[in-house]
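Quick notes on the structure that follows.
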Amino acid sequence: MAKFLTNREENYSQWYNDLVNKADLAENSAVRGCMVIKPYGYAIWEKIQSELDRMFKATGHVNAYFPLFIPKSFFSREAAHVEGFAKECAVVTHYRLKNDEEGRGIVVDPTAKLEEELIIRPTSETIIWNSYKNWIQSYRDLPLLINQWANVVRWEMRTRLFLRTTEFLWQEGHTAHATREEAIEETVRMINIYSDFAENYMALPVIKGYKSENERFAGAHDTYAIEALMQDGKALQAGTSHFLGQNFAKAFDVQFTDKNGKLDYVWATSWGLSTRMIGALIMAHSDNHGLVIPPKLAPLQVVIIPIFKNEEQLSAISARADMIKSELEKAGISVKYDNRDNNTPGWKFADYELKGVPVRVALGPRDIQNNTIETARRDTLKKETIRQDEVISHVKYLLEDIQKNIYEKALKFRTENTYYTDSWSEFVDILENRGGFIMAHWDGTAETEEKIKEETKATIRVIPFDSPEEKGNCIYSGKPSERRVLFARSY
RNA sequence: CGGGGUGUAGCGCAGCCCGGUUAGCGCAUCUGGUUUGGGACCAGAGGGUCGCAGGUUCGAAUCCUGCCACCCCGACCA
């Protein structure tokens, strides 16, 4: 068979770019580092949005929207926060263009300079806390549990479709609480929602844990993250939840009166998950035939393809296909009947495989004769011929089984590529030659983490929540350590 | 910002080293016909400021200079 996609084993980056392009998910735009998300890619994002949104609302959160522009002065109130983001901000300095008198076309009107520059949000903590200041006076106003679906801009030096683009779409939750304990509880609740979403919807096994001080969000007391392993052996941070302490409340002077009439600063959290998840989906499950989308997030779950020689056959097949389609739809399954006659069945088979549609149903003259249908599942590419009256139950079974199977496949891959080592030379060797997760001892200092990063490009992805206490010696410094942490090279 | 690479039809590329009539191939598109159980075949057609600007030359896709864009590898990061 002809090759339509770059081979994944030959060149992982090229395979990834090629797949994003050929599966019609996105393309590079004319704007530096920004991408155009095409309808099919956006449909996947809409599925992610709707499932997450449901989970947020079920835990008492509501949606709101805050401005794209942040006055520079807001942004500089929290010292660590500004330090973390200053290097990658787009800044608006003027508000008008004009025709150049010397005929050089449209130019910025120098007389239209803003008195205070506006930052295009790289994240919204500051503008949101400026509002919260007015919204919160009493313990009765708390907790405040708000989420925003938005775009943000971070002027990264190097970009990559979905994984790191200059502008990206995400959701960011920003909550305010009366007590430290409650805020920490919220931070944990949200990282659990993310990992639940990753595992049960994305079919992506993740490791939950704390970020080390070096990797923490700018302005946070503590950052929790979920980390996933991609098929090329690199780690991908898939979602983060931050305990912000009273940092932003103090910076924006958000105080409330508690039950005892005492004034105190509120406790905050923020948490976010982005279109990067689409990149994770691609890199975790896809193969050399194209995308593999978990059924729960597939914009299209089933495609029915007719195989016919003439109009007469097509109409007989269509009658049956329409019936199957409406029955599947009644069962809550999304279905397309592709009866276009300008492509051959073989072409359609390959195309829907490239797009990652989980289940394909083929109907031809043979099937009409025998009262059968042919099903094919995207994960294993296995085909089966079944009785037509079994189609609904079989498709339902396939969707569930594919969801389960690709999760298990990803988990198996992660297990096989997670190494426990106490030897520095083996540590280096794994990173150089195999990739994957490494569970190793660490002395807990930022200096050691920094040195390991310099020498191997690996960072501490997380200190896993469930990493058991185990006495050992730091892989790098040899100093005593209480538990293993997760190292990997990352995106 | 450093190191490497690429820019030729909608997409993917050859031609460039060693300058020479009309710039070529595959895919895609359009027309007609035959096909259709794994990316069909035949015949015909349309589509190009060879990234941009200069220069050398009788003559430049090809040589020289400058600029621009994109990709990959680093530094940065969700």
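Note on naming: letters A, B, ... go to the chains in the order of the sequence lines (proteins, then strands), and numbering restarts at 1 for each one. These figures come from a predicted structure and were not determined experimentally.
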Worksheet item: Contact class for A:R360 vs. all strands (heavy atom < 4.0 Å): base, sugar-phosphate, or nothing?
Response: base
Worksheet item: If you measure from the C1' atom in B:G4 to the same atom in B:C64, how many Å do you get, rounded?
Response: 23 Å
Fill in: Inter-nucleotide C1' distance (B:C71, B:G46), Å rounded
32 Å
Item to complete: Tell whether A:N343 reaches the base of B:G39 with its side chain through a donor-acceptor pair below 3.5 angstrom.
Response: no
Worksheet item: According to the Watson-Crick and G-U wobble definitions, with both distances under 3.5 Å, which nucleotide is paired to B:A75?
Response: none
Worksheet item: When all nucleic acid strands are considered with a 4.0 Å heavy-atom cut-off, which category describes A:T165: base, sugar-phosphate, or nothing?
Response: base
Worksheet item: What distance, rounded to whole Å, do you find between the two C1' atoms, one in B:G48 and one in B:A23?
Response: 9 Å
Worksheet entry | Nearest listed nucleotide, side chain of A:T344, among B:G39, B:G38, B:G74 | B:G39
Response to the item:
By nearest-heavy-atom nucleotide on RNA chain B, the more 5' of A:G364 and A:E215 is A:G364
Item to complete: Please state the P separation for the pair B:C50 and B:U22 - nearest whole angstrom.
Response: 14 Å
Worksheet item: Do A:E51 side-chain atoms and A:Y201 backbone N/O form a donor-acceptor pair below 3.5 Å?
Response: no
Response to the item:
Of B:C76, B:G39, B:G37, the nucleotide closest to the side chain of A:M157 is B:C76
Worksheet item: Base, sugar-phosphate, or nothing: which does A:D351 touch, judged by heavy atoms less than 4.0 Å apart?
Response: base
Worksheet item: Paired with B:G24: which nucleotide, if any, by Watson-Crick or G-U wobble criteria at under 3.5 Å for both distances?
Response: B:C13
Response to the item:
Assert: residue with more 5' nearest nucleotide on RNA chain B, out of A:P365 and A:S13, is A:P365
Response to the item:
Rounded to whole Å, the NZ-P distance (A:K87 to B:A75) equals 13 Å
Discussion item. Nearest whole Å is fine: how far is B:G39 P from A:H289 NE2?
Written reply: 13 Å
Fill in: Pairing of A:E450 and A:K453 as salt bridge, 4.0 angstrom limit
no
Worksheet item: Roughly, in whole Å, what's the span from CZ in A:F308 to P in B:A40?
Response: 14 Å
Discussion item. What's the gap between B:U57 and B:G51 when it is taken at their P atoms, as a whole Å value?
Written reply: 23 Å
Worksheet entry | Sugar-phosphate only, base, or nothing, as touched by A:L236 at under 4.0 Å among non-hydrogen atoms | nothing
Discussion item. Could you tell me how far apart A:E27 (CD) and B:G12 (P) are, to the nearest whole angstrom?
Written reply: 12 Å
Worksheet item: Any donor-acceptor pair under 3.5 Å linking the side chain of A:D287 with the backbone of A:G290?
Response: yes
Practice prompt. Scan A:S274 against the nucleic acid and name what it touches under 4.0 Å (heavy atoms): base, sugar-phosphate only, or nothing.
Written response: base
Item to complete: Give the rounded distance in Å between these two atoms: CZ of A:R489 and C1' of B:A75.
Response: 15 Å
Discussion item. For A:P294, is there any backbone N or O sitting under 3.5 Å from a side-chain donor or acceptor partner on A:Y407?
Written reply: no
Fill in: Strand partner of B:G54, provided both Watson-Crick or wobble distances fall under 3.5 Å
B:C64
Fill in: N or O in side chain of A:N17 less than 4.0 angstrom from B:C72 OP1/OP2
yes
Worksheet entry | Closest nucleotide among B:G38, B:C76, B:G39 to the A:E156 side chain | B:C76
Practice prompt. Specify the separation, in whole Å, of atom CG of A:D18 and atom P of B:C27.
Written response: 18 Å
Worksheet item: Does B:U31 have a Watson-Crick or wobble mate here (both distances under 3.5 Å), and if so which one?
Response: B:A43
Worksheet item: Would you say A:T159's side chain and A:T166's backbone share a donor-acceptor pair under 3.5 angstrom?
Response: no
Item to complete: Could you work out the separation of B:C63 and B:A69 based on their C1' atoms and round it to a whole Å?
Response: 23 Å
Worksheet item: Is a side-chain donor or acceptor of A:K348 paired with a backbone partner of A:D338 at a separation under 3.5 angstrom?
Response: yes
Worksheet entry | Span that lies between the P atom of B:G3 and that of B:C67, in whole angstrom | 14 Å
Worksheet item: Paired with B:C70: which nucleotide, if any, by Watson-Crick or G-U wobble criteria at under 3.5 Å for both distances?
Response: B:G5
Worksheet item: If you check the A:A362 side chain, which of B:C76, B:G39, B:G37 turns out closest?
Response: B:G37
Fill in: Polar pair under 3.5 Å, donor/acceptor by atom type, side chain A:K383, base B:G38
yes
Practice prompt. For A:K22, look at atom NZ and say whether over 12 heavy atoms of other residues, nucleotides or ligands are found less than 6.0 Å away.
Written response: yes
Discussion item. What is the separation between atom CD1 on A:I307 and atom C1' on B:A40, rounded to the nearest whole Å?
Written reply: 14 Å
Worksheet item: Does the side chain of A:T159 get closer than 4.0 angstrom to OP1 or OP2 of B:C71 through an N or O atom?
Response: no
Worksheet entry | CD/A:E83: more than 12 non-hydrogen atoms of other groups inside 6.0 Å | no
Fill in: Pairing nucleotide - B:C18, Watson-Crick or G-U, each distance under 3.5 Å
none
Discussion item. Just the rounded figure in Å: distance from C1' of B:C11 to CG of A:D24.
Written reply: 13 Å
Worksheet item: Taking atom C1' in both B:A60 and B:U21, what distance in whole Å separates the two?
Response: 14 Å
Discussion item. Does B:G39 have OP1 or OP2 under 4.0 Å away from a side-chain N or O of A:K348?
Written reply: no
